Q: 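Below are the structure tokens for one structure; questions will follow.
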Amino acid sequence: MPHTASRYLAEGPRVGIRHFTLEDAGEFTARARESKDLHHPWLFPPDSAEAYAAYAGRLIDDPARAGFLVCEKDDGAIAGFININNIVEGAFRNGALGYGAFAHAAGRGLMREGLGLVVRHAFGPMRLHRLEINVQPGNTASIALARACGFRLEGFSPNFLHIDGAWRDHQRWAITAETVTTG
């Protein structure tokens with residue numbers, strides 16, 4: 001039987017990760033609309049075709065960003081997304097993570113598996129050394145995901161990011177290539 005290449009950059013038992021495409025707009029925006037209550041007030045993913053085109057376009061075209069869709073392997077459904085922003089190469093080799101699960105996938109462990117895949121991909125083929133996550137202190141689900149994936153709390157930044165009309169405090173979490181186990 002001939003080997004066929006996977007459509008995923010990396011795969012785990014239940015999910016695979018792949019890059020965003022413009023063709024994902026319909027499913028992504030529908031899932032974003034279904035997940036507004038889950039995301040508010042932490043996150044505002046694009047929920048229209050126009051907003052998605054601009055968002056995905058930046059992730060596709062900007063070398064300082066990489067966007068990954070976390071997809072369920074059984075049916076390819078988009079479970080969530082993980083973006084690496086502000087990628088810096090050279091001596092720093094760092095990126096800042098942002099992520100969100102969609103409502104139908106929340107609480108099922110799919111994002112934990114997906115984040116583990118993205119971390120290994122970042123430290124492997126992308127050759128990054130450090131990843132950071134900045135999380136509002138009240139976002140307990142996001143903090144639990146960072147902790148479960150081996151990120152360590154490094155500090156607190158008052159008025160760090162402008163979200164939903166105000167400057168918000170954030171906790172800073174990070175992981176380096178040396179601390180990741182290849183499991």
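Just so you know, residue 1 is the first one in the sequence shown, and it goes up from there. Keep in mind that this is a model prediction, so the values were computed, not measured.
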Q: Under 4.5 Å between any side-chain heavy atoms of M111 and I82, yes or no?
A: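 Yes. Closest side-chain heavy atoms under 4.5 Å.
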Q: Are the side chains of L43 and Y99 in contact, using a 4.5 Å heavy-atom criterion?
A: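 Y99 does not reach L43 side chain to side chain.
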Q: Could you check whether atom CZ of R112 has more than 12 heavy atoms from other residues, nucleotides or ligands sitting under 6.0 Å from it?
A: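 Atom CZ in R112 is not crowded, with 12 or fewer foreign heavy atoms closer than 6.0 Å.
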Q: Grab the two heavy atoms, one from C71 and one from G76, that are nearest each other, plus how far apart they are.
A: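 Between these two residues, the closest heavy atoms are CB-O, 3.8 Å.
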Q: Same cluster or not: L59 versus L131, using hydrophobic residues (I, L, V, M, F, W, Y) connected whenever any side-chain heavy atoms lie under 4.5 Å apart?
A: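 Hydrophobic grouping puts L59 apart from L131.
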Q: Roughly how far, to the nearest 0.5 Å, is the CZ atom of R93 from the CE atom of M126?
A: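 If I round to the nearest 0.5 Å, the distance is 12.0 Å.
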Q: Can you label the angle between the F81 ring and the H39 ring as parallel, tilted or perpendicular, going by 30° and 60°?
A: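 The rings of F81 and H39 stand perpendicular, inter-plane angle above 60°.
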Q: Report whether I87 and F123 are members of the same hydrophobic cluster (ILVMFWY, side-chain heavy atoms less than 4.5 Å apart, transitive linking).
A: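 Linked, I87 and F123 end up in one cluster.
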Q: Does N159, at its CG atom, have more than 12 non-hydrogen atoms belonging to other residues, nucleotides or ligands within less than 6.0 Å?
A: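 Yes, the 6.0 Å shell around CG holds more than 12 heavy atoms from other groups.
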Q: So do F102 and F28 actually touch side chain to side chain, heavy atoms under 4.5 Å?
A: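 Sidechains of F102 and F28: in contact.
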Q: Any idea which heavy atoms bring A146 and I133 closest together, and the distance?
A: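 Heavy-atom minimum between the residues: CB-CD1, 3.9 Å.
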Q: Look at the rings of H40 and F44 and say which category their plane angle falls in: under 30° parallel, 30 to 60° tilted, over 60° perpendicular.
A: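 Perpendicular, since the angle between the ring planes exceeds 60°.
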Q: Please step through side-chain contact (heavy atoms from CB on, under 4.5 Å) for the pair V135 and W42, ending with a clear verdict.
A: CA-CA 9 Å; V135 182; W42 321 113; over 6 Å; no
Q: Would you list the atom pairs, donor with acceptor, under 3.5 Å between side chains in residues 17-26 and any protein atom, with sequence neighbours excluded?
A:
from, atom 1, to, atom 2, distance (Å)
R18, NH1, D24, OD1, 3.4
R18, NH1, D24, OD2, 3.0
R18, NH2, D24, OD1, 2.7
H19, ND1, G67, O, 3.2
T21, OG1, E23, N, 3.3
T21, OG1, E23, OE1, 3.4
T21, OG1, D24, N, 3.4
T21, OG1, D24, OD2, 2.8
D24, OD2, T21, N, 2.9

Q: Specify the closest pair of heavy atoms between A106 and A101, including all atoms of both residues, with the distance to one decimal.
A: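 Here A106 and A101 meet closest at CA-CB, 4.4 Å.
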Q: Quick check: does any side chain N or O of S35 sit under 3.5 Å from a backbone N or O of R31, one acting as donor and the other as acceptor?
A: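 The answer is yes, because a donor-acceptor pair under 3.5 Å joins these two groups.
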Q: With heavy-atom distances below 4.5 Å as the criterion, would you say the side chains of L97 and L115 are in contact?
A: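 The answer is yes; the side chains approach within 4.5 Å.
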Q: Could you tell me whether a side-chain N or O of N83 sits under 3.5 Å from a main-chain N or O of N85, the two making a donor and an acceptor?
A: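 No; zero donor-acceptor contacts below 3.5 Å.
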Q: Without swapping roles, check the side chain of R172 against the backbone of F156 for a donor-acceptor pair under 3.5 Å.
A: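 Answer holds: yes.
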Q: With hydrophobic residues grouped by side-chain heavy-atom distances under 4.5 Å, do Y52 and L38 end up in a single group?
A: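 Per the 4.5 Å side-chain linkage, Y52 and L38 are not co-clustered.
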Q: Which heavy atom of H104 sits nearest a heavy atom of I78, and at what distance?
A: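 That closest heavy-atom pairing would be CE1-O, 3.0 Å.
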Q: Just to verify, what does R33 make a side-chain contact (heavy atoms from CB on, under 4.5 Å) with, not counting sequence neighbours?
A: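 Per chain and number, R33 pairs via side-chain contact (heavy atoms from CB on, under 4.5 Å) with T29, A30, D47.
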Q: Between the main-chain N or O of A51 and the side-chain N or O of S48, is there a donor-acceptor pair closer than 3.5 Å?
A: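 At least one qualifying donor-acceptor pair exists.
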Q: For the pair E72 and R108, evaluate salt bridge (Lys or Arg N to Asp or Glu O under 4.0 Å) and give the outcome as yes or no after the intermediate values.
A: CA-CA 11 Å; E72 296 183 65; R108 296 174 43 206; 2.8 Å; yes
Q: Please round to the nearest 0.5 Å and tell me the distance separating atom CZ of R7 and atom NZ of K73.
A: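 Spacing of CZ (R7) from NZ (K73) equals 11.5 Å.
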Q: Measuring from T176:OG1 to L128:CG, what's the distance to the nearest 0.5 Å?
A: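 Interatomic distance, T176 OG1 to L128 CG, rounded to 0.5 Å: 12.0 Å.
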Q: Report whether I175 and F92 are members of the same hydrophobic cluster (ILVMFWY, side-chain heavy atoms less than 4.5 Å apart, transitive linking).
A: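 Per the 4.5 Å side-chain linkage, I175 and F92 are not co-clustered.
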Q: Please name the pair of heavy atoms, one in A32 and one in P46, separated by the smallest distance, quoted to 0.1 Å.
A: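 Taking A32 first and P46 second, the nearest heavy atoms are CB-O, 3.4 Å.
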Q: Grouping I, L, V, M, F, W and Y whenever their side-chain heavy atoms are under 4.5 Å apart, do L69 and L9 come out in a common cluster?
A: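 No, no single cluster joins them.
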Q: Go through it in stages, so that I can follow the logic: the residues are F160 and Q136, the test is side-chain contact (heavy atoms from CB on, under 4.5 Å), and I'd like the CA-CA distance, side-chain angles, deciding distance and then a yes or no.
A: CA-CA 9 Å; F160 186 68; Q136 293 180 60; over 6 Å; no
Q: Just wondering, are more than 12 heavy atoms of other shown residues or ligands nearer than 6.0 Å to CD in E154?
A: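 It does: E154 CD has more than 12 such atoms within range.
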Q: Mind checking the OH-NE2 spacing from Y8 to H121? Nearest 0.5 Å is all I need.
A: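 Going from OH on Y8 over to NE2 on H121, the span is 15.0 Å.
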Q: Rounded to the nearest 0.5 Å, what separation is found between the CD atom of E113 and the SG atom of C149?
A: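 If I round to the nearest 0.5 Å, the distance is 10.0 Å.
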Q: Do N86 and E132 make a side-chain contact, defined as non-hydrogen atoms from C-beta onward lying under 4.5 Å apart?
A: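 No, their side chains stay 4.5 Å or more apart.
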Q: Just jot down the side-chain contact (heavy atoms from CB on, under 4.5 Å) partners of L161, sequence neighbours excluded, or say none.
A: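 L161: side-chain contact (heavy atoms from CB on, under 4.5 Å) contacts with I163, H170.
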